[in-house]
Amino acid sequence: MASQQLSKTYEPQAVEARWGPYWIDRGYFSDAPDSSAQPYTIVIPPPNVTGSLHIGHALNNTLQDILIRWRRMQGRNTLWLPGTDHAGIATQNVVERQLLEEGTGREELGRDAFIERVWSWKQQSGNTILDQLKRLGASCDWSRLRFTMDEGLSEAVRAVFVRLHQEGLIYRGHRLINWCPRCLTALSDVEVEHEPVQGIMYHIAYPLADDPGTSLIIATTRPETLLGDTAVAVHPEDPRYNGHIGKSIKLPLTNRTVPIVGDAILVDREFGTGAVKITPAHDFNDFEAGERHQLPRIGLLTHQALLNPDALRDAGVEPDILNNIADLSAIKARPIVVDALKGQGLLVKTDDHQMALGKCYRCKTVVEPFLSPQWFVKIQPLADPAIAAVEQGDIRIIPEEWSNNYLGWMRGIKDWCISRQIWWGHRIPAWYCATCHPEARLILDGGGSHLIPTHADPMVSETAPAACATCEGDQFIQDPDVLDTWFSSALWPFSTLGWPAHTKELETYYPTSTLVTGLDILFFWVARMIMMGLKFTGKPPFRDVYIHALVRDAEGEKMSKSKGNVIDPLTKMSQYGTDALRFTLASMASPGRDIKLSENRIEGYRNFANKIWNAARFILMHADGPTETRPIADRSFVDQWILSRLNHVTAAVTARLEEYRFDQAAGQLYQHIWHEYCDWYLELIKPVLQGGDSPAARSTRATMLHTFEHLQRLLHPFMPFLTEEIWQTIPHQGESLVRQPFPVATQEWENAEAEQTFAVIEQVVTTIRTGRALLDYAPSKSLTILATAKDPDELARLNEARDHVAHLCRGTVTIADQDTWPAGRILHLAVGGFMVGLTIEGEVDLNKALTRINKQAQAKQKEATRLQGRLGSPDFAAKASPEVVQESKDRLDLLTAELSLLASSEQQLRKMVS
RNA sequence: GGGCGGAUAGCUCAGUUGGGAGAGCAUUGCCCUUACAAGGCAGAGGUCGCAGGUUCGAGCCCUGUUCCGCCUACCA
C-alpha cells in the first residue's frame, strides 16, 4: 500500500507523472486478439505527424479514452489503436522550410534525398503529439502504434490502388481540377474552402463577327479569362438572343471568333445579362459546357497561376495586350484587360457582386481551376453502398442529425482527384515505358513542372513491370505523383490491423466499434473510410460514429493562432491538472452544440478534483480501525441510503455512457460525489466514526471505504490520474485501477424507504438552517428545536431522522405534538408535511423572518391558486389522466396545509414583534 | 440558393413520452465548525427570441417570423 499521507490540496503534476508511465510500463493498455472477451475497438483519428496537441485533440481523445477505459474495466477485449498520418503537403512544407533556412531546397536535394530527409525529420520530431496524448492519459495500446507510411499500410495502399484500377474505379484523365499555385499541386474538392468576397461584375460587349454594330453583352467577374473563351452561350428559349445561335462573336482583344451556342444548363436567363462566356479551361461549369458543345480548351495560366505568354499567343491575343499582361497574375492582369476593353468602348458597366472564392485549406492561397492530367477515383459505385449502410442503420451516426449531412453530401458526390504533385506520400504505383514515351523522361529532371503526357499509357501494378507490352522495352518511369493523404487514411481501420493479410487482429478487432471524430472531417475521412471499408472488407469499418463538437473560445469564436485566442490544453493541464481539463471537456460535450470553453469552467472542475481529494483525506483519517461488513439490511439507515444513491448513480452513468452522453454522465458524477456523498453522507457518518469503536462504527467504516472505492472505479474513465492515486492509497485489491471491474448497478442496494427518510432529513435540516440564518444565530450556537409531522409515516421517519437532524443542525431536537410545544418565543417554519419550531433567545430582529415568511406564503398562494383553477376546470377532470389529477390534488392539499401553518406562524411573529 | 443547429438566470448550458422552470460559474449575507476558504451554510436572480395555432394544459408539438452560427452549392 502506498503512503497514507495525502497533501492538503490536490497537486496533480506529481500524480500524473507517477501513474502515466506506470500504466504503460505494465502494459495495462494492451489486450490480446485471442482473448475470449467481446472485443471493443477504437482506431484513433490519426493526427498529423507534424501536429501538436490542440484543444480539439484534447476533446477528441478524452472522449475516446473515457469510452475505452470504461469498456476495458467492463472486461471487454479492448483495443485503442494509436497512430499518426503522414500529412503529405503539411509535412513537405515543414521540411522545405527547414531546407530554405539552410539555404537549399528540395530541387537541389533531389527526390530520394528529400524523402530521406523527411523520414529523419519524422524520426526526430514526429512523436511530439504522441507524447502529448500520453500526458492526456490516453490509454492507447502504444505497442500497436501505426503510421500511414509504414510498410504494411503502404502495401495496403498499393493493393487498393491496383484493384480499383483493375475494376475501372481509378482512372487517369485530363480534366479541370482545383490547383493550388503555392503548393503546386492538385487538390480535391473538399480541400477547397469557400470564402465570401466582394467582387465586381463586369458587363462586356461582345460584337457579332458579321455585324460589328450589334453586340451581345455578357457578364463576368473574371474579365481576364475572356482571352480563353471558346464560345458564348445563350438560353435556347430566350427570344432576346436565340436568333443569334449559330452565329459567331468577334472575341475582344483577340483575333479569334467564337461561336454562339444555345445551352439551357449553363445559362440562367434571369441572371446577369442572360448571355455567358464559355471558358472551358478555367471554370468547372464551362468545362462541362465545353464538353457538351465540343469546344476547344485554352488554358492561359502556368503552374504558378501566371499568364503564360505562349498560351496567350496561341489564344490569338493582341500583341499589345499580350506584352502588358504576360507573366502577371490574374489579379494584376485584370485592370489592364479592363482598361483595354474600356479603350475599345466594350466595357458597358460594372456592378458590385457578392461571390465565393475558393482557397487552399492548407495555405489559404486562392485556388485556380486548372487543366491537367490527374488520377481520379470513380466514386459513385463506392458511394452507393456507403449511403445504404447509413440509411439501413448498419452504421449509426451520433448525433443522428448529422446523417442527413452525410447522406446529402454522398448523394451529390463527385469523382475524387487523388493525385498530388508533391514528393512526400505514397507514390502512385503506375509506370510508363520510357521507350514509348520519351517525353516522360523530363520527369526525371525535377519538380512538378513536368507532367506525364495525358495520352501516355500507364502500367498499374504493385511492383514495377518487367517489360513493356508494346515495345518490350525494360526502361520505366514511375508516375511522379503521390496519393492524397486521405487515400491512405481511408484505409486506416483495416490497414492498421494488417489488411490485406488475414491477421488475427483483423479478425478480432474489425469492424471497429466506435469512431470518435469532429464534424470537420466527416467528408474528408469518415465518408471515405466507409466507402473503402465496405469495398475491401465487405463490412462497415465501424458500428457507431460519434461526432463531437468544435471547441471555441469563451466568446464563441473559432480558435486560431492568428486571432490569438487559442487555449493550449497543455498549459491548462499544467495549471489545473489533466483530470480537470478532461472532466471539463466531457461535461461540455453536449451533442450537436459547439463548446465555448472558458477558463473558469476548468477551474471549477479543478475544485471538484480537490474536493474528491479532501474527501479521500477525510476517509483515510477514519480508515484505521476494525471493519465489519454486514448484510445490507443490518446496516445503518445512512449506509443504506448512500448505497441506494450509489446504485442509482452507477446505473445512470452507465446508461449515459451507452448513449454517448458524456455531459450527462459527468454531471451525474459531479452531483453525486459533491452533493450527496460529500455534503450529506460524509457529514452524516461523522458522529458514529468519531464516537470511538463500536459495532456501528465498524459497519459504517466498512461501507464508507467500500462506497468510496466504488466511486473511484466509477469516476476513473473521466479522471484517471486522481482516481488511481486515491485508489492506491485506500484499502484495495489489485495492482491498478485501470484493470478493475467497472461498477455494476446492484438492485439489492435500492432502498426507497431510506431515500424517503433521507428526504425528511434534507427538508427539515435545510429549513432549520434557514431559520438559523433568519434569526442571525452564529453557526456555533446550539439550537433548541421542536418538530412534528401530521402523517404517521412521516412522523416515524422524523423520529428516525431526529439524531441526524440534531447533529447536522447543531442543536437538540424534540419531537412532540404541536399542542405540547411550550408557549412563548418560537419561530415556526413549515416544510412539506412538517412543522419545525426554533426557540428564540435573546434580542433578535424578527422582521427578517417575517419578510421571509410573507414571501414564501405569497409564492405558495400563487401556486395554490393555479392548482385550484386547474382542478376547478371540468375539462381538466374529464381529459387529464387520473394520475395527474390526483397529483395535483395532493400538491394542493400540501400547499393548503403549509399555507395555514405559515399563516399561524406569521401571526405569532407579528405578536412578538409588536 | 439549399440544408442543419441555436436563441431558457449576469455568463456557459441541461431540460428524456407535453402536467410543479434546473445545474455549474459569477453574485449577496454569515462562517477560517480539526477532509476541503480550490471550502461550508443560507439566499437573490428567469413573462424559456417574437407572433399565432393545437391541447384541459406548451420551454417541449405545428405554422410563421427575427437574429446568430455552421455546413453545402457552378448563379456567370
Side-chain angles (χ1 to χ4, degrees), chain A residues 6 8-10 194 201-202 218-222 233 265-268 270-279 283-289 353 355-356 369 399 401-402 404-405 408-409 412 519-520 522-523 550 552 554 556 558 576 580 587-588 590 592-598 600-601 603-622 659 661 663-664 667 670-671 674-675 678-679 682-683 686 690 765-766 769-774 776-780 808 810 852 863 866-867 870 873-881 883-885 887-888 891 895:
Chain A
L6 297 178
K8 194 169 173 181
T9 52
Y10 177 49
H194 294 275
M201 181 75 84
Y202 299 86
I218 62 93
T220 181
T221 55
R222 304 188 62 188
I265 297 171
L266 183 67
V267 180
D268 174 354
E270 312 300 319
F271 189 85
T273 61
V276 192
K277 64 200 268 307
I278 300 183
T279 324
D283 181 281
F284 289 98
N285 291 318
D286 292 6
F287 181 85
E288 284 170 23
H353 183 66
M355 51 190 246
E401 292 82 75
W402 298 125
N404 281 335
N405 206 325
W409 186 76
L519 186 65
D520 49 340
L522 182 65
F523 305 145
L550 186 70
R552 299 166 173 278
K558 204 165 173 170
Y576 299 108
S587 296
M588 299 188 78
S590 296
R593 191 187 263 270
D594 283 346
I595 294 178
K596 291 188 200 171
L597 186 62
S598 70
N600 61 25
R601 283 300 286 265
E603 193 182 340
Y605 291 114
R606 186 271 314 260
N607 296 352
F608 179 50
N610 190 55
K611 185 77 183 176
I612 298 167
W613 183 256
N614 278 290
R617 290 179 64 227
F618 171 84
I619 281 165
L620 281 173
M621 282 175 197
H622 299 92
E659 319 170 309
R661 287 305 301 261
D663 57 330
Q664 294 187 346
Y670 186 96
Q671 166 66 26
W674 197 314
H675 298 300
C678 293
D679 287 351
L682 292 184
E683 294 303 326
K686 275 180 182 175
Q690 290 165 353
V765 166
T766 303
R769 284 169 173 171
T770 303
R772 180 192 282 278
L774 290 174
D776 271 333
Y777 285 163
S780 53
L808 292 174
R810 283 184 156 245
R852 160 77 181 205
E863 172 73 6
R866 214 172 61 88
L867 283 169
R870 176 193 289 183
S873 149
D875 277 338
F876 180 69
K879 295 180 184 173
S881 75
E883 294 82 25
V884 171
V885 175
E887 194 198 325
S888 297
R891 222 159 64 217
L895 280 168

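Letters A, B, ... mirror the listed sequences (proteins, then strands); counts begin at 1. Only heavy atoms go into these numbers, but all of them, side chains included; no hydrogens, no water, no symmetry mates.
Base pairing analysis places B:rC48 opposite nothing; no Watson-Crick or G-U wobble pair with both distances below 3.5 Å involves it. Nucleotide B:rG39 is matched to B:rC31 when pairs are restricted to Watson-Crick or G-U wobble geometry with both distances under 3.5 angstrom. With a cut-off of 3.5 Å on both pairing distances, B:rG59 has no Watson-Crick or G-U wobble partner at all. For B:rG20, there is no paired base (Watson-Crick or G-U wobble, both distances below 3.5 Å). When both distances must be under 3.5 Å, the Watson-Crick or G-U wobble mate of B:rC67 is B:rG6.
With a 6.0 Å radius and a threshold of 12 heavy atoms from other residues, nucleotides or ligands, A:Glu270 has its CD atom at or below the threshold.
In this structure, A:Arg870 reaches the sugar-phosphate backbone alone: every heavy-atom distance under 4.0 Å involves primed, P, OP1 or OP2 atoms, never a base. Residue contacts shown for A:Ser590 are limited to sugar-phosphate atoms, with no base heavy atom under 4.0 Å away. Residue contacts shown for A:Leu266 include a base, since a base heavy atom lies under 4.0 Å away. Residue-level contact check: A:Asp679 touches the backbone only, with heavy atoms under 4.0 Å from sugar-phosphate atoms and none from bases. Across all strands, A:Ser888 comes closer than 4.0 Å to no nucleic acid atom at all (heavy-atom distances). If you check every strand for non-hydrogen atoms under 4.0 Å, A:Glu603 touches nothing. Counting any heavy atom pair closer than 4.0 Å across all strands shown, A:Tyr605 reaches no nucleic acid atom. Within 4.0 Å of A:Gln664, counting heavy atoms only, lie sugar-phosphate atoms of the nucleic acid but no base atom. A:Phe608 comes within 4.0 angstrom of nothing in the nucleic acid, heavy atoms only. A:Lys8 comes within 4.0 angstrom of sugar-phosphate atoms only, judged by non-hydrogen atoms across all strands, and of no base. Residue contacts shown for A:Arg891 include a base, since a base heavy atom lies under 4.0 Å away. Counting any heavy atom pair closer than 4.0 Å across all strands shown, A:Gly771 reaches no nucleic acid atom.
Aromatic rings from A:Tyr670 and A:Tyr605 are positioned such that their centres are separated by under 6.0 Å.
Atom P of nucleotide B:rC70 and atom CH2 of A:Trp409 are separated by 21 Å, given to the nearest angstrom. In this structure, A:Asn607 places its CG atom 18 Å from P of B:rA23, rounding to the nearest Å. When rounded to the nearest whole Å, the span between CD1 of A:Ile218 and C1' of B:rC75 equals 14 Å. Distance CZ (A:Arg772) to P (B:rA42): 11 Å, rounded to an integer number of Å. In this structure, A:Arg601 places its CZ atom 10 Å from P of B:rA14, rounding to the nearest Å. Here the C1' atom of nucleotide B:rC74 and the CD1 atom of A:Ile278 are 13 Å apart, to the nearest Å. Computed from coordinates, the A:Lys686 NZ to B:rU34 P distance equals 9 Å when rounded to whole Å. In this entry the distance linking NE2 of A:His622 with P of B:rC36 reads 11 Å, nearest Å.
For the residue pair A:Arg810 and A:Ser780, the shortest heavy atom distance occurs at NH1-O, 3.4 Å. Here the closest non-hydrogen pair linking A:Thr221 and A:Tyr202 is O-CE1, 4.1 Å. The minimum heavy-atom distance between A:Ala289 and A:Leu266, with the atom names listed, is CB-CD2, 3.9 Å. Nearest approach of A:Met588 to A:Leu597, heavy atoms of both residues: SD-CD1, 4.0 Å.
Minimum atom distance to the side chain of A:Phe271 is reached by B:rC75, of the listed B:rG20, B:rA14, B:rC75. You'll find that the side chain of A:Trp674 is closest to B:rG40, out of B:rG20, B:rG40, B:rC25. Relative to the side chain of A:Asn614, the nucleotides B:rA35, B:rA76, B:rU12 differ in distance, and B:rA35 lies closest. In the set B:rG40, B:rC13, B:rC56, B:rC56 carries the atom at the smallest distance from any side-chain atom of A:Phe876. Out of B:rG39, B:rG20, B:rC25, the shortest distance to the side chain of A:Lys611 is found at B:rG39. Listed nucleotides B:rA76, B:rC71, B:rA35 differ in distance to A:Cys678; the shortest reach to its side chain belongs to B:rA35. Each of B:rG40, B:rC71, B:rC56 was ranked by its minimum atom distance to the side chain of A:Asn405; first place goes to B:rC71. In the set B:rC41, B:rA76, B:rA44, the nucleotide with an atom closest to the side chain of A:Arg852 is B:rA44. Out of B:rC74, B:rC56, B:rA37, the shortest distance to the side chain of A:Asp875 is found at B:rC56. Looking at the side chain of A:Asn610, the nearest of the listed nucleotides B:rA73, B:rA35, B:rC36 is B:rC36.
OP1 or OP2 of B:rG24 has at least one side-chain nitrogen or oxygen of A:His675 nearer than 4.0 Å. The phosphate of B:rC56 (OP1 or OP2) has no side-chain N or O of A:Arg866 nearer than 4.0 angstrom.
Judged by closest nucleotide on RNA chain B, A:Tyr777 is the one of A:Tyr10 and A:Tyr777 placed further toward the 5' end. Heavy-atom nearest nucleotides on RNA chain B were determined for A:Val267 and for A:His194, and the one closer to the 5' end corresponds to A:His194.
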Assess the residue pair A:Ser598 and A:Asn600 against the criterion (side-chain hydrogen bond (donor to acceptor under 3.5 Å, both in side chains)); give the C-alpha distance rounded to whole Å, side-chain angles, the decisive distance to 0.1 Å, and a yes or no.
CA-CA 6 Å; A:Ser598 70; A:Asn600 61 25; 3.1 Å; yes
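Spacing between B:rG29 and B:rG45 at atom C1', rounded to whole Å, works out to 15 Å. Look at the P atom in both B:rG18 and B:rG59: the space between them is 13 Å, to the nearest Å. Distance noted for atom P between B:rU16 and B:rC25: 23 Å (whole Å). Taking atom P in both B:rC50 and B:rU8, one finds a spacing of 10 Å when rounded to whole Å. One P atom belongs to B:rG46, the other to B:rG53, and the distance between them is 28 Å to the nearest Å. The same atom, C1', is picked in B:rC61 and in B:rU54; the two are 8 Å apart, to the nearest Å. Comparing the C1' positions of B:rC62 and B:rC70 gives a spacing of 26 Å, expressed to the nearest Å. B:rA58 and B:rA21: their C1' atoms are spaced 13 Å apart (whole Å).
A distance-only check finds a donor-acceptor pair linking the side chain of A:Arg772 to the backbone of A:Ala778 [under 3.5 Å]. Between the side chain of A:Asn610 and the main chain of A:Thr9, no donor-acceptor pair closer than 3.5 Å is present.
Residue A:Arg606 places a side-chain atom within donor-acceptor reach of the base of B:rA38, judged by atom type and a 3.5 Å distance cut-off alone. With hydrogens and angles ignored, a donor-acceptor pair closer than 3.5 Å exists between the side chain of A:Glu683 and the base of B:rA35. You won't find any donor-acceptor pair under 3.5 Å spanning the side chain of A:Asn600 and the base of B:rC25, going by distance alone.
The side chain to side chain contact (heavy atoms under 4.5 Å, CB included) with A:Ile278 is formed by just one residue from the set A:Asp286, A:Ile218, A:Val267; it is A:Asp286.
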